[in-house]
J.: 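Quick one: this structure, given as structure tokens, is what I'll be asking you about.
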Amino acid sequence: MIHKIPGGSPRPFGVFLVTVNAAKLKEAVTILTPHNEGTSFLIQGSGQWIAPFGQGGAGHELDEALRKHVLQDGGNQEHFMFSWGKEKYSVSSVTLNRLGTDWIYVSATPLTALTGPLVFISRVIIGFSCFGILLAVVLSWFASRRLYQPVERLVQLLGGRNDSAHLEAGDEFEMIETVWNRVTRESQTLQTRLESQLPQVRQGFLMQLSQGYLYYLSEADLQEQMANLGWEVRDHQFTMIFMQLLGFSSLEGRFSEGDEVLVTFAAANIVQELASGAFEQADSINFQNLTIGLLIGTPASEPPERTRERIHALLQDMTYRLNLLLHLRVAIGLGQPVAQIKEIPAMMEETRQVLRFRDLQEHNQILDLGEWVSESEKSSEYPFHLEKEVLHGIRMGQEEETTAALSRFLHELRMNAGKELWVQQGMLHLLASVLRAIMQMGTSLYSLYEGVNLYDQLCQIKEPEEIEKWFLARVIHPFLRETRRKQDIYLQQAVDRIVTVIHEKYMEELSLESIAEAEHMSSYVLSRMFKQLVGINFIDYLTEIRLAKAKELLRSTDMKLNEVAERVGYQHSYFSRIFKKNVGMTPSKYRDNAKE
């Protein structure tokens, strides 16, 4: 290649000359020779040699024969079989455009080099299988002689008598039944104790939910868990309330320092008792630091005004009781009702923040979120809970969930901010969090984004819609594509291995679950990827292979139908039904037609 200096000038004062190092090219092509057997060479599209290599003598003749074959075909065959002498080769060719011309790279590998390891492995597998069968026979014989010993030991363990009369009369089973009944009663007792601990379990779940630790769960999963804990969630809405106990330091000796946990526990019990009497579904959350949460569930069909009136009446009663019994002042933040459980953590945070607007001169206060938070005050809020959803979707490789979370994030950012500067600053913060998460997953930002300054590009975009499109196209999608590419390579290799197993062991009992377990993946993922890469599902592909072998045996042998069925892995009755279903005739009819 010649590059003039300066480029494009009619009167250059110099040139850069770039040439290909023949020795290096020879070394590179030699390294690419598969299994160090066969041959590899590089020619131009016109047939001229660029890098001719062989094993000497017959090797050069093989290179020439392959070159002629490739040129005659025009380089259209990427993979083909080629016979030379007494050897058969698997040949791969690929056409590359380099330096303005077509280069053809050809690689040939003897089939013996490819099949040799498989033959050795097959022999090893057969040897181990025979050994396993022999071992199973020996162990079965040994187990048959000691069959009764486990029962005898069980009787001794459970305290039964070990005399022959009892054993012959079967009294040991009666004793086992008695012990089993006793264990069942004890299990029921434990179940009763477990149910008594259910309030503590509900408390722990609500604690995690309200603080946002369950953001990775879907709405359906959260509804299922709450339903298991005794909550009615269908067609219900939820209201979050946050309470702060005030005046603890001015109780004048009623409580000592360090009794905050005890005071909070007492207040939480009072709150729970009053809430349970006013609403069918209500659970308090003891944060143990003079703050209490309260989650109330009400039917969605109940008028909002009626629900709000009942809640206000309950909060007034709670304030009075806490003042009277604990001599503590109370500041209460009342959140807006939400229809989805996933919205509870965000509403909890907003309800907690509304207490910043309480009047220090007031004794007790109930602050309604809808009445106290203005748009200007909400504009500075950053949706951290939605940022967690975006990062979770990226880590899990879920494109749809990530796209939806990003859309919700930008929408809430716009609703909170309303100003271009804050939206842009919020997206810059999200970009930093996303890039940090990608780096933590071991991906190089430089190679992924080709050294582009993403922050600079984002700062140039003014419209929120364009920001969302850019974020998806330049930040999220490249990473997800790279993740899928790595996964696809692994899954393609797994499917290739499974197809090989089917062709080799079609006569054995094969199942999707056993093969998935051997490949260390779920049967659902394996089934979906097998159909995507092969074109049909696993069981249909196995059936095709078995029926193809059965047809061959019916045409070329006089084996009985039950023997043919056994040879292809079927029972005789099932073989006839599935053969007729797929071929359209019975096996015997197919054999008669083949003879005719």
Side-chain angles (χ1 to χ4, degrees), residues 1-85 87-114 442-454 456-457 474 478-479 481-482 484-486 488-489 492-493:
M1 290 197 307
I2 300 175
H3 181 75
K4 296 179 180 181
I5 304 174
S9 173
R11 301 181 61 185
F13 62 81
V15 294
F16 282 122
L17 301 179
V18 182
T19 62
V20 176
N21 188 313
K24 292 293 185 179
L25 184 59
K26 174 182 178 180
E27 180 183 354
V29 176
T30 302
I31 291 175
L32 293 176
T33 302
H35 304 283
N36 293 323
E37 301 182 32
T39 184
S40 297
F41 58 84
L42 192 64
I43 61 174
Q44 293 187 5
S46 60
Q48 297 178 350
W49 290 94
I50 298 175
F53 300 101
Q55 302 300 327
H60 288 294
E61 296 176 4
L62 174 60
D63 293 352
E64 185 63 32
L66 285 172
R67 182 180 73 91
K68 292 179 179 180
H69 182 87
V70 171
L71 293 176
Q72 289 175 0
D73 186 63
N76 295 324
Q77 282 185 298
E78 295 183 356
H79 305 282
F80 60 90
M81 304 301 297
F82 186 78
S83 298
W84 176 258
E87 189 68 70
K88 204 167 187 179
Y89 294 84
S90 174
V91 184
S92 300
S93 68
V94 60
T95 301
L96 313 170
N97 186 273
R98 294 293 183 272
L99 304 179
T101 61
D102 289 336
W103 291 10
I104 301 177
Y105 170 72
V106 180
S107 174
T109 305
L111 287 182
T112 55
L114 297 176
T443 301
S444 171
L445 297 180
Y446 184 84
S447 60
L448 182 63
Y449 299 115
E450 301 175 348
V452 175
N453 189 336
L454 299 177
D456 184 60
Q457 287 189 359
R474 293 293 293 118
F479 172 73
R481 282 196 299 268
E482 177 66 14
R484 284 195 297 269
R485 183 188 68 81
K486 295 178 180 178
D488 289 343
I489 293 175
Q492 179 65 62
Q493 294 173 347

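Basis for what follows: all heavy atoms, side chains included, without hydrogens, waters or symmetry-related copies.
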J.: Is Leu62 close to Glu87 at the side-chain level, that is, under 4.5 Å between some pair of heavy atoms?
T.: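 Of all side-chain heavy-atom pairs linking Leu62 with Glu87, none is under 4.5 Å.
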J.: For Gln457, enumerate each residue passing the side chain to side chain donor-acceptor pair (under 3.5 Å) test, keeping only those at least two apart in sequence or located in another chain.
T.: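 With sequence neighbours excluded, Gln457 shows a side chain to side chain donor-acceptor pair (under 3.5 Å) to Trp470, given in chain and number order.
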J.: Working to the nearest 0.5 angstrom, can you tell me the gap between Ile2 CD1 and Thr19 OG1?
T.: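 Rounded to the nearest 0.5 Å, the CD1-OG1 separation comes out at 11.0 Å.
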J.: Taking only residues two or more places apart in sequence, or in another chain, which ones meet Pro10 in a side chain to side chain contact (heavy atoms under 4.5 Å, CB included)?
T.: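 Pro10 satisfies side chain to side chain contact (heavy atoms under 4.5 Å, CB included) with no other residue.
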J.: Quick one: list whatever passes side chain to side chain contact (heavy atoms under 4.5 Å, CB included) with Pro12, sequence neighbours left out.
T.: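 With sequence neighbours excluded, Pro12 shows a side chain to side chain contact (heavy atoms under 4.5 Å, CB included) to Lys4, given in chain and number order.
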J.: Where do Gln44 and Ile104 come nearest, in terms of heavy atoms and distance?
T.: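 Shortest heavy-atom separation between Gln44 and Ile104 comes out as O-CD1, 4.5 Å.
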J.: Run the ring-centre check on Tyr89 versus Trp84 and record whether the distance is less than 6.0 Å.
T.: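 Centroid separation for Tyr89 and Trp84: 6.0 Å or greater.
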J.: Should the heavy atoms of other residues, nucleotides or ligands under 6.0 Å from CG of Leu17 be counted, would the total exceed 12?
T.: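 Count over threshold, so yes.
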J.: Give the intermediate values and the outcome of side-chain contact (heavy atoms from CB on, under 4.5 Å) for residues Ile50 and Tyr105.
T.: CA-CA 10 Å; Ile50 298 175; Tyr105 170 72; over 6 Å; no
J.: According to ring pair (Phe, Tyr, Trp, His ring centres under 6.0 Å), who are the partners of Phe82, at least two apart in sequence or on a separate chain?
T.: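 For Phe82, the residues satisfying ring pair (Phe, Tyr, Trp, His ring centres under 6.0 Å) (neighbours in sequence not counted) are His69.
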J.: Can you check whether Pro110 reaches Lys88 side chain to side chain, under 4.5 Å on heavy atoms?
T.: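 Side chain of Pro110 against side chain of Lys88, heavy atoms only: no contact under 4.5 Å found.
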J.: For Asn97, what residues pass the side chain to side chain donor-acceptor pair (under 3.5 Å) criterion, not counting sequence neighbours?
T.: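 So Asn97 forms a side chain to side chain donor-acceptor pair (under 3.5 Å) with Asp102.
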J.: Can you list everything that forms a side chain to side chain contact (heavy atoms under 4.5 Å, CB included) with Lys68? Sequence neighbours excluded, please.
T.: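 If we apply the side chain to side chain contact (heavy atoms under 4.5 Å, CB included) test to Lys68, skipping adjacent residues, the hits are Glu64.
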